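The figures here come from the full heavy-atom set of this structure, side chains too, leaving out hydrogens, waters and symmetry mates. Every value quoted in this text rests on a predicted model; they were computed, and no experiment measured them. The chains referred to below are lettered A, B, ... by the order of the sequence lines, with proteins before strands, and numbering in each begins at 1.
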Number of protein chains: 2
Amino acid sequence: MISGKFAITIHILTLLTKYPNDYLSSEYIAGSINLNPVLVRKEIANLKAHHIVESKEGKNGGTKLAVDPTNLTLKEIFEMTFETINLGYAKNQPNPDCPVGKKINQNLAALYADMNQKVSLQLEGISLEDFSNQF
Amino acid sequence: MISGKFAITIHILTLLTKYPNDYLSSEYIAGSINLNPVLVRKEIANLKAHHIVESKEGKNGGTKLAVDPTNLTLKEIFEMTFETINLGYAKNQPNPDCPVGKKINQNLAALYADMNQKVSLQLEGISLEDFSNQF
DNA sequence: TACATTTGTAACATATTTTATTACAGTATG
DNA sequence: CATACTGTAATAAAATATGTTACAAATGTA
């Protein structure tokens, strides 16, 4: 659910990193992303479940970072919002009576696993702080 | 169009590699992938446009490889079926009056470009022949 | 206390993308 | 000339993503 999940989440976190002392409202954040506030709150719910942010209900409420952005890497954000990288699978179960059909998904999975390792290595090297400093 | 494009295409090419002397029909290939034959023909059309396969119309027609599978890498297949790897962008244009909104897509694009390079390097090292030999 | 503002969440609606189906013209084979 | 294919367009259905409305609950403040 939500395919721009990673992009949206990193946008939220970048804003929170820029204003580490304020509780930002979902409405404000939504204005920067140009997205419905409810969807912002949904992504924030995910971040809360991972204890990356904390939020305060009621008037003047909102959300703020709960971790040090120098310690959070893009890899962790990736894993919270995107199971794995892959180039997809065919939708239907392939024919198990065909030698290729029988093993295709397994072989693709192995390929994709390698891919993830490479990508993870890259993302592990970038902290939220690093990313935010580009703005 | 077609998100399982890479998976489907590589499935097709693996079959063609296994039977290098036969013209395989879209119906036969579709049976292994468990996919509608029209969709198989569409992917084959793409492969033909890249001169990877050739096909013969009419009775006993079908498709066969037009290249040496030791010379075709998964990177090339990836590029024919998947523009680039990325973790997505938010759907709407972000707010250009916000410093984060203004640069988010550009910064994500740079991140994704690095990712593609890593993935390309991996895929470049695997030939269609290598992949097919796993079956 | 009463009011305004904000989160949290569910339910529903719309839009977009993917996959499937039908149909049929054109081409080769026997 | 009947049969079995490709090629392709048009349309339908299904799946996924995004957007909207609504409202209870929480919290600050007049």
Seminar exercise, completed: Its contact letters, B for base, S for sugar-phosphate only and - for none at protein heavy atoms under 4.0 Å, make nucleotides 25-30 of chain C read -BBBB-

For nucleotides 8-12 of chain D, list the nitrogen or oxygen atoms of the protein found under 3.5 Å from its nitrogen or oxygen atoms, one pair per line.
| unit_1 | atom_1 | unit_2 | atom_2 | d |
| --- | --- | --- | --- | --- |
| D/dT8 | O4 | B/R41 | NH2 | 3.3 |

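- Evaluation of the ring-ring contact (aromatic ring centres under 6.0 Å, His included) rule for A/F135 yields A/F131 as partners, not counting sequence neighbours.
- When the P atom of C/dT18 is taken as reference, atom CZ of B/F6 falls 17 Å away, rounded to whole Å.
- C/dT9 atom P lies 13 Å from atom CD of A/E43, rounded to whole Å.
- Comparing B/K91 and A/K91, the nucleotide of DNA chain D nearest to each residue sits closer to the 5' end for A/K91.
- For the pair A/K18 (side chain) and A/S132 (backbone), a donor-acceptor distance under 3.5 Å is present.
- Phosphate proximity of C/dT22 to B/N36: absent, as no side-chain N or O sits under 4.0 Å from OP1 or OP2.
- With hydrogens and angles disregarded, no donor-acceptor distance shorter than 3.5 Å links the side chain of A/N34 to the backbone of B/N92.
- Here the P atom of nucleotide C/dA23 and the CG atom of B/L39 are 17 Å apart, to the nearest Å.
- At least one donor-acceptor pair closer than 3.5 Å links the side chain of A/D130 to the backbone N or O of A/S127.
- More than 12 heavy atoms of other residues, nucleotides or ligands shown are found within 6.0 angstrom of CD on B/Q134.
- Taking B/N105 as the reference, B/Y89, B/P94, B/L108 meet the side chain to side chain contact (heavy atoms under 4.5 Å, CB included) condition, with sequence neighbours excluded.
- Taking a cutoff of 4.0 Å between a charged side-chain nitrogen and a carboxylate oxygen, A/E54 and A/K48 do not qualify as a salt bridge.
- At least one donor-acceptor pair closer than 3.5 Å links the side chain of A/N116 to the backbone N or O of A/I85.
- Aromatic ring orientation, B/Y19 versus B/Y28: perpendicular (interplanar angle above 60°, classes split at 30° and 60°).
- Counting only residues at least two apart or in different chains, salt bridge (Lys or Arg N to Asp or Glu O under 4.0 Å) contacts with residues 92-106 of chain B are absent.
- Taking a 4.0 Å limit (strictly below) on heavy-atom distances, residues 10-34 of chain A does not reach DNA chain D anywhere.
- Between A/L35 atom CG and C/dA15 atom C1' the separation is 14 Å, expressed in whole Å.
- A side-chain donor-acceptor contact under 3.5 Å links B/T81 to the backbone of B/F78.
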